[in-house]
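Numbering of residues begins at 1 and proceeds along the displayed sequence.
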Amino acid sequence: MRRLLLPVPLLIAPLLLFTAGCGGLPSAEGKASDAARDVARKAGERLDGPRPRTAEEVGHSASGIDGVEVLRVTGTSTHEGDGIGLVVRTSGTAYGQRRDREPVTVLRCFSVRVSPASEWGEDPPAVDCPDGPPLTFAPPPEPPPLPYEELRAKLPRVPEGGRVDEAGIRRTLAALDLDRAIRTEVKADDGRVGILMSLKSNGHDPQDCLVAHVRPGVTEVWVPPRVQRMPGEGGCSIGNALEPLAPPH
């Protein structure tokens, strides 16, 4: 009987291909690390935005994202210098090639930059985790409430044919003992008086304000619609108090 002998290279080639294929597959730890990086990347996307924020504000927002621990914060404002730098710790979990094995979970730290110059969706670089527990941040202070009900109750009701007393309205407003953060503006025009109470705008979000006017037969106090309180829309202006804008469609 004659035996068929295959050349040695033909026997080895399939084994080499199999070995090379297995070696090219990512490990469970590598996939878990990628998952942890993805959490940090999505955190950076959530923190992105045009509004200037302090380091405390960014840190507080980041610490509230599920799966994110803030270990370090650098910088003072998103719009100063290089912006705000964060070192965040996240976790990732992945299975290996065999699903019957236990999954692998890793903790990794990444550097996240919050600045107008940051690229949307960029992968954050891995860094060494700083020592110590996660940082904690106080929530931002609540703005003082605007005195809507009190203003409605105390502004005068002038009868038809009567005269609006601007000086009396100014005395009424002065007696309200408002928080110093509330800016008040009063203007008289054509027998009526307009009133604006507002908080400082950050130039991006809707401004907090209320407007009112008093004229013979009508006393009104209202909060302009959100769209009118956006920067440049004129809702939080003394002009809106004297000549109310048409409601948005």
Side-chain angles (χ1 to χ4, degrees), residues 6-142 202 204-205:
L6 295 175
V8 172
L10 293 178
L11 293 173
I12 294 176
L15 179 61
L16 291 176
L17 288 173
F18 177 78
T19 304
C22 291
L25 294 174
S27 66
E29 183 175 346
K31 291 192 290 184
S33 296
D34 289 343
R37 188 189 302 273
D38 194 51
V39 174
R41 178 183 59 79
K42 290 178 179 177
E45 292 175 353
R46 288 185 59 179
L47 295 171
D48 184 62
R51 181 172 67 85
R53 285 154 292 159
T54 65
E56 187 78 12
E57 289 177 298
V58 173
H60 180 265
S61 297
S63 64
I65 298 175
D66 189 37
V68 173
E69 295 177 316
V70 181
L71 301 184
R72 180 179 294 162
V73 180
T74 57
T76 57
S77 169
T78 54
H79 285 54
E80 293 181 15
D82 293 330
I84 302 297
L86 303 174
V87 174
V88 300
R89 182 166 60 200
T90 63
S91 67
T93 301
Y95 284 90
Q97 297 306 306
R98 292 182 58 184
R99 286 280 183 167
D100 57 338
R101 294 180 178 176
E102 290 295 318
V104 173
T105 298
V106 301
L107 288 175
R108 295 289 186 265
C109 287
F110 302 93
S111 175
V112 175
R113 178 69 53 183
V114 184
S115 162
S118 300
E119 292 291 334
W120 173 264
E122 63 182 347
D123 281 337
V127 296
D128 293 333
C129 293
D131 295 330
L135 302 178
T136 58
F137 303 88
E142 290 290 329
N202 61 31
H204 295 275
D205 297 321

Separation of [Y] [atom2] from [X] [atom1] (nearest 0.5 Å):
| X | Y | atom1 | atom2 | answer |
| --- | --- | --- | --- | --- |
| Lys42 | Asp66 | NZ | CG | 11.5 Å |
| Ser91 | Glu69 | OG | CD | 8.5 Å |
| Ser33 | Asp38 | OG | CG | 12.5 Å |
| Glu45 | Ser118 | CD | OG | 11.5 Å |
| Ile84 | Glu57 | CD1 | CD | 9.5 Å |
| Asp123 | Asp34 | CG | CG | 8.5 Å |

Using every non-hydrogen atom in the two residues, find where [X] and [Y] come nearest and quote the distance to one decimal.
| X | Y | answer |
| --- | --- | --- |
| Val58 | Leu47 | O-CD2, 4.1 Å |
| Tyr95 | Pro103 | CE2-CD, 3.7 Å |
| Cys109 | Arg89 | SG-CB, 3.7 Å |
| Lys31 | Ala94 | CB-CB, 3.6 Å |
| Asp48 | Ser115 | OD1-O, 4.3 Å |
| Ala35 | Gly92 | CB-CA, 3.9 Å |

Asp82, CG: over 12 other non-hydrogen atoms inside 6.0 angstrom |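 For Asp82, atom CG is not crowded (no more than 12 foreign heavy atoms under 6.0 Å).
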
Has Arg72 got more than 12 heavy atoms of other residues, nucleotides or ligands less than 6.0 Å from its CZ?
->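 No - once you tally the heavy atoms of other residues, nucleotides and ligands closer than 6.0 Å, there are 12 at most.
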
Checking His79 side chain against Pro50 main chain: does a donor-acceptor pair fall under 3.5 Å?
->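 Side chain of His79 to backbone of Pro50: a pair is present.
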
Using 4.0 Å as the upper bound for N to carboxylate O, is an ion pair formed by Glu29 and Arg108?
->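 Looking at Arg108 and Glu29, the cut-off is met.
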
When you compare the side chain of [Y] with that of [X], does any pair of heavy atoms fall below 4.5 Å?
| X | Y | answer |
| --- | --- | --- |
| Pro52 | Glu80 | no |
| Ser111 | Pro125 | yes |
| Ser63 | Val70 | yes |
| Thr90 | Phe110 | yes |
| Pro134 | Leu71 | yes |

Identified side chain to side chain contact (heavy atoms under 4.5 Å, CB included) counterpart of Val73 within the set Val88, Leu86, Val114 =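 Result: among Val88, Leu86, Val114, Leu86 is the only option passing the side chain to side chain contact (heavy atoms under 4.5 Å, CB included) with Val73.
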
From CA spacing to verdict: side chain to side chain donor-acceptor pair (under 3.5 Å), Arg53, Thr78 | CA-CA 6 Å; Arg53 285 154 292 159; Thr78 54; 4.7 Å; no

